[in-house]
Number of protein chains: 2
Amino acid sequence: MVELDRCDINCIHDEAVQAVRQALFGEDVAASLAELFKALGDPTRVKILFSLMTRELCVCDLTAVIGVSDSAVSHQLRVLRTLRLVKFRREGKILYYSLADDHIERLFAQGLEHVTEPKSEMNEE
Amino acid sequence: MVELDRCDINCIHDEAVQAVRQALFGEDVAASLAELFKALGDPTRVKILFSLMTRELCVCDLTAVIGVSDSAVSHQLRVLRTLRLVKFRREGKILYYSLADDHIERLFAQGLEHVTEPKSEMNEE
DNA sequence: CGCACATATGAACAGATGTTCATATATACC
DNA sequence: GGTATATATGAACATCTGTTCATATGTGCG
């Protein structure tokens, strides 16, 4: 029940705005969602996650597969860990990383569907 | 069939690396995926897209709902348009934006599932 | 045509992001 | 304990990103 401070521009469709406002999730949810997607929005992290879809891998393997420094991988793994996208288990000095759950696989599947979709015709200006 | 230039580090699990390498999609796909998710990785764009899930809206409505300048909305709409996430139709001087397809709805649904999931227990160090 | 409105665009700027390099931690083995 | 390996972390830095402000485009109307 937010008192909507009516904008002074006049092209606004009031009921539409009110309806959408009520349906709209809060700042925090929007921020969380954005944070999640942002984490998926980097080529290195995408490759890490996709690699882990095949099987669990150690940091060393990841650097070999993806072709970036171990430091870079490590930094990115931290991002993914913080967002609970990956988990790991230790075996001696080696850490084996794997996907935290199957949300990522489904997100990737959806994403790939959009990306590889036959772009009917650009709707760009 | 990429000839894998074996990394000089020795903790690598060779067959694992080779297997994953073969399964891994190309640079271009990884880049496209990352680009898509990056587009979803901003609070303003998240709110725009979520608003459009309810119904089509003009730019003015969006500024009112989300509470940012029309210029900012416009800039973000361009990003979303470029990635074919939204489309629009003109009616006089007003442009009505709407979601380009239903991939976004499904991506959001998946994303929300992850975000709102009861975080069993942090797996952070 | 000229003006008003709805939206788009470009430049500028502050803040965020990803990598590198150097260094630290943790574990195994001698 | 000391050394080697696997990984993590912090600082530094160049690049990218999102907003704002000023200005441009496009449409309707008188």
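The sequence lines fix the lettering, A, B, ..., with proteins before strands; numbering per chain opens at 1. Quick caveat, the model's predicted, so the values are computed rather than measured.
Judged purely by atom type and a 3.5 angstrom limit, B:Arg45 uses its side chain to pair as donor or acceptor with the backbone of B:Lys38. Using a distance-only test at 3.5 Å, with no hydrogens or angles considered, no donor-acceptor pair links the side chain of B:Arg55 to the main chain of A:Val20.
Put simply, the side chain of B:Ser69 and the base of D:dC21 share no donor and acceptor less than 3.5 Å apart. With hydrogens and angles ignored, a donor-acceptor pair closer than 3.5 Å exists between the side chain of B:His75 and the base of D:dT20.
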Quiz item: Can you check side-chain contact (heavy atoms from CB on, under 4.5 Å) on A:Leu77 and A:Leu62, steps first, answer last?
Solution: CA-CA 10 Å; A:Leu77 281 171; A:Leu62 283 170; 4.2 Å; yes
Quiz item: Could you walk me through whether B:Leu24 and A:Ser51 pass the side-chain contact (heavy atoms from CB on, under 4.5 Å) check?
Solution: CA-CA 6 Å; B:Leu24 198 63; A:Ser51 299; 3.7 Å; yes
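A parallel orientation is assigned to the rings of A:Phe25 and B:Phe108, their planes being inclined by less than 30° (bins at 30° and 60°). Ring geometry for A:His103 against B:His114 counts as perpendicular: the plane angle is over 60°, on a 0 to 90° scale with 30° as the lower cut.
Contact check for B:Glu27 versus A:Lys47: side-chain heavy atoms found under the 4.5 Å cut-off. With contacts defined as side-chain heavy-atom distances shorter than 4.5 Å, the pair B:Leu40/B:Leu85 qualifies.
You'll find that the side chain of A:Tyr97 is closest to D:dA8, out of D:dA22, C:dT7, D:dA8. In this structure, the nucleotide among C:dA6, C:dT20, C:dT19 sitting nearest to the side chain of A:Gln76 is C:dT19. Listed candidates were D:dG10, D:dT20, D:dT7. Nearest to the side chain of B:Ala72 is D:dT20. The side chain of A:Arg81 lies closest to D:dA8 when the candidates are D:dT7, D:dA8, C:dA8. In this structure, of C:dT9, C:dT7, C:dA8, it is C:dT9 that holds the atom nearest to the side chain of B:Arg78.
To the nearest angstrom, P of C:dT7 lies 13 Å from CD1 of B:Ile66. Atom pair A:Asp70:CG and C:dT25:C1' shows a separation of 14 Å (rounding to whole Å applied). The nearest whole Å value for the distance from the CZ atom in A:Phe88 to the C1' atom in D:dA6 is 13 Å. When the C1' atom of D:dG18 is taken as reference, atom CG of B:Leu77 falls 14 Å away, rounded to whole Å. Going from atom CG of A:Leu95 over to atom P of D:dA6 covers 11 Å, rounded to whole Å. Spacing between atom CG of B:Leu80 and atom P of C:dT9 amounts to 13 Å, rounded to whole angstrom units. Atom OH in A:Tyr96 sits roughly 15 Å away from atom P in C:dT27 (whole-Å rounding).
The stretch residues 36-51 of chain A comes close to DNA chain C through A:Lys38, A:Asp42, A:Thr44, A:Arg45, each having a heavy atom under 4.0 Å from the strand.
Shown are A:Arg81, A:Lys87, A:Arg89; of these, the side chain to side chain donor-acceptor pair (under 3.5 Å) with A:Tyr97 is made only by A:Arg81.
Atom CD of B:Glu113 has more than 12 neighbouring heavy atoms from other residues, nucleotides or ligands inside a 6.0 Å radius.
When each of A:Val68 and B:Ser71 is assigned the nucleotide of DNA chain C bearing its nearest heavy atom, the one mapping closer to the 5' terminus is B:Ser71.
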Identify the pairs formed between an N or O of the protein and an N or O of nucleotides 23-30 of chain D at a distance under 3.5 Å, and give each distance.
none

